[in-house]
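Below is one structure, written out as structure tokens, with a few remarks after it.
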Amino acid sequence: MEYWSILLSIVIGAISIYYLFKNFNLFKRHGVIHVPPVPNFGIMTSVICRRTSFTDFILKLYNFNPNAKYFGFYATTNPIFVLRDPELIKTILVKNFEAFPDRRGFSDLNDPLLGKNLFSLHGEKWRNVRTLLSPSFTSSKMKIMFTLMSECAVDFAKFLSTLPADKNDINTKDAFSKYTNDVIATCAFGIKIDSMKDPTNKFYVYGKEATSFLGSRALKFFFLRTFPSLGRFLNVKLINDYVSNFFKNIIKTTIATRDAEHITRPDMLQLMMDIRGKEGRRELDIDDMTAQAFIFFFGGFDTSSTAMSFAAHEIAANPEIQAKLQREIDNVLEESKGEVSYEAINRLEYLDAVINEALRLYPPVGFLERVCDKTYELPPALPNEKSFIMKKGMVFWIPVFAIHRDKKYYDNPEKFSPERFFDNKMYHNSSCYMPFGLGPRMCIANRFAMLEVKVLLFHLLARCELKPSAKTPSPIKFQKSLIMMPENGFWLNIQRRKHMHPALESTVVKG
């Protein structure tokens, strides 16, 4: 027995030494500028142990070596390259996309809902599903979805505008997530829900649970990311089975109902249903369909409501911006006699600038990730350094949050200034402005998300005034967690406008 114990100890020790040498010495062996390694969870220990916010971590990491085009660091036990040079970023995300076509995604999180969706798919399967889903976001589909969104937004704004005075202090993140829940339910799943009036509906409750990364779920996420094989062996899951089964049953029931009653709707699910039986097209099974519909939910439920919350916070904190927005909105109501169209919403230049600036200051995703698929030569990080050959499987990050706040690219970057986006096309398709990513793998639903936010803010500001409440943070300090959230959450005082445009009494929506 003692012999086997000694042998086992030697084997485990040898494997551990090899693993540590292979990972924690990669940058040193190849002469790559890097943040000195720290055992166990690496320099992310402070984030995992909730001693610092992820945003502060990204800023500190980004500024490790301001002159280098890239450098390395260890995220838990994984070596990661950090790109900070705009030209190199654009070269990799756009010009040489074939060498870096994939992200790690959620394929190692032991859950089909997360592993089989577009965000996580790789290679040819990603291309096939992306091609299948792209028609969901054409202009014609956006116009139809605009009508569905507007119905949700009008109901939402009317509800808030009729709240009694003692209930005007609102947790805006909670409220906006109810709106995004209702929009996704109707546009992706074909289900009509009013979560403001019925906040305990399962679609909202389970959706909120599935997209939460607070507390123990953040630790579970790090565990699955760092030890995916062990997570599969122990059957550790990020999303509970009853939540996964709920969404799968919705898809099954909706498909069966549409088939039986010959119902057709202009939504994502319908597109996936329509390829059934078509020659040369691989059908998606229930798990595949559920995964695609769910990532639409996963990506839109939290990120869109967070974007709305930050935009609303800045609008409330800057009364002159709010007044200018309301004048622009009232002009549209006047010109359209209350018949607000898709085209009219998209002509609101100041509203567009306000949202763009909110996405700059508070991007929905703090960093982009890509995985090397084939050998690629990186240029020298500094003039006196040598080039580096990236190999298949190596990972790099692009710290979007930090780039968006770099004074090299933005004057007074900490200031909320929508005017910086007026007549300035340099930010569009630029590696200095990437709230939805860049290149072929940028967010497929970016137009949908922008429209969703525009419609909500239009109808909310048409009927309500946004003001800071006693709980509103100023300035914002971020939670010490993985998510970008103020320490005490999002809180505003929302009141009915004293001088609401008369056209609202008979407002209708035109698709």
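On a predicted model such as this, the values are computed, not experimentally measured, just so you know.
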A side-chain contact here means heavy atoms from C-beta on lying under 4.5 Å apart; do [X] and [Y] qualify?
X	Y	answer
Pro379	Ser387	no
Ser53	Met484	no
Val82	Val35	no
Phe137	Leu451	no
Phe448	Cys187	yes
Leu359	Tyr433	yes
Glu124	Arg127	yes
Leu457	Ile329	no

Worksheet entry | Centroid-centroid distance, Phe57 to Phe54, less than 6.0 Å |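 Yes; Phe54 has its ring centre under 6.0 Å from that of Phe57.
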Set of salt bridge (charged side-chain N to carboxylate O under 4.0 Å, His left out) partners for [X], sequence neighbours left out:
X	result
Glu377	none
Asp174	Lys178, Lys208
Lys324	Glu419
Lys454	Asp352

Mark yes or no for whether [X], through its side chain, and [Y], through its backbone, hold a donor-acceptor pair below 3.5 Å.
X	Y	value
His404	Arg360	yes
Tyr350	Pro418	no
Glu357	Ser417	yes
Arg441	Pro101	yes
Arg405	Leu361	yes

Where [X] and [Y] come nearest, the two heavy atoms and their spacing:
X	Y	value
Leu26	Tyr74	N-OH, 3.4 Å
Leu348	Phe458	CD1-CD1, 3.5 Å
Ala449	Phe436	CB-CE2, 4.0 Å

Discussion item. Checking Phe27 against Phe81 for the ring-ring contact (aromatic ring centres under 6.0 Å, His included) test, could you report, in this order, the C-alpha distance in whole Å, the side-chain angles of both residues, the deciding distance, and whether it holds?
Written reply: CA-CA 9 Å; Phe27 299 125; Phe81 289 81; 5.2 Å; yes
Working to the nearest 0.5 angstrom, can you tell me the gap between [X] [atom1] and [Y] [atom2]?
X	Y	atom1	atom2	result
Phe401	Leu368	CZ	CG	14.0 Å
Ile444	Met442	CD1	CE	11.0 Å
Lys477	Thr55	NZ	OG1	12.5 Å
Leu461	Leu456	CG	CG	9.0 Å
Phe146	Ser139	CZ	OG	13.5 Å
Phe490	Met485	CZ	CE	5.5 Å

Do the charged groups of [X] and [Y] touch, with an N to O distance under 4.0 Å?
X	Y	answer
Glu343	Lys143	yes
Lys480	Asp56	no
Lys90	Glu87	no

List in chain and number order the residues that pass side chain to side chain donor-acceptor pair (under 3.5 Å) with [X], two or more places apart in sequence or in another chain; answer none if no residue qualifies.
X	result
Arg370	none
Thr375	none
Thr180	none

Using residues 298-317 as the side-chain source, report each donor-acceptor pair under 3.5 Å to any protein atom, sequence neighbours left out, with the distance given to one decimal.
from, atom 1, to, atom 2, distance (Å)
Asp302, OD1, Lys173, NZ, 2.8
Thr303, OG1, Gly299, O, 2.0
Ser304, OG, Gly300, O, 3.3
Ser304, OG, Glu452, OE1, 3.2
Ser305, OG, Lys173, NZ, 3.3
Ser305, OG, Phe301, O, 2.7
Ser305, OG, Asp302, O, 3.0
Thr306, OG1, Asp302, O, 2.8
Ser309, OG, Ser305, O, 2.8
Glu314, OE1, Asn318, ND2, 3.3
Glu314, OE2, Tyr362, OH, 2.6

Discussion item. One pair to check against side-chain contact (heavy atoms from CB on, under 4.5 Å): Asn240 and Tyr206. What are the steps and the verdict?
Written reply: CA-CA 10 Å; Asn240 289 319; Tyr206 286 168; over 6 Å; no
Item to complete: Determine which pairs satisfy side chain to side chain donor-acceptor pair (under 3.5 Å) with at least one residue from residues 57-70, sequence neighbours left out, and list them in order.
Response: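 Qualifying pairs, neighbours excluded: Tyr62-Asp406.
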Fill in: From CA spacing to verdict: side-chain contact (heavy atoms from CB on, under 4.5 Å), Met434, Val365
CA-CA 9 Å; Met434 302 172 285; Val365 179; over 6 Å; no
Discussion item. Taking the six-membered ring of Tyr410 as reference, does the cationic atom of Arg420 (NZ for Lys, CZ for Arg) lie under 6.0 Å from its centre and within 45° of its axis?
Written reply: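 Cation-pi check for Arg420 and Tyr410: fails.
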Worksheet entry | Partners meeting ring-ring contact (aromatic ring centres under 6.0 Å, His included) with Phe71 (sequence neighbours left out) |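 Listed in chain order: Phe64.
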Side-chain polar contacts of residues 388-399 - donor-acceptor pairs under 3.5 angstrom, sequence neighbours left out - could you list them?
from, atom 1, to, atom 2, distance (Å)
Lys392, NZ, Asp373, OD1, 2.9
Trp397, NE1, Glu369, OE2, 3.3

Item to complete: Evaluate the criterion side-chain contact (heavy atoms from CB on, under 4.5 Å) for residue pair Ile403 and Ile89; output intermediate values, then yes/no.
Response: CA-CA 11 Å; Ile403 291 171; Ile89 289 169; 3.7 Å; yes
Please tabulate, for side-chain N and O atoms in residues 92-99, each donor-acceptor pair with protein atoms closer than 3.5 Å (sequence neighbours left out).
from, atom 1, to, atom 2, distance (Å)
Asn96, ND2, Tyr376, OH, 3.2

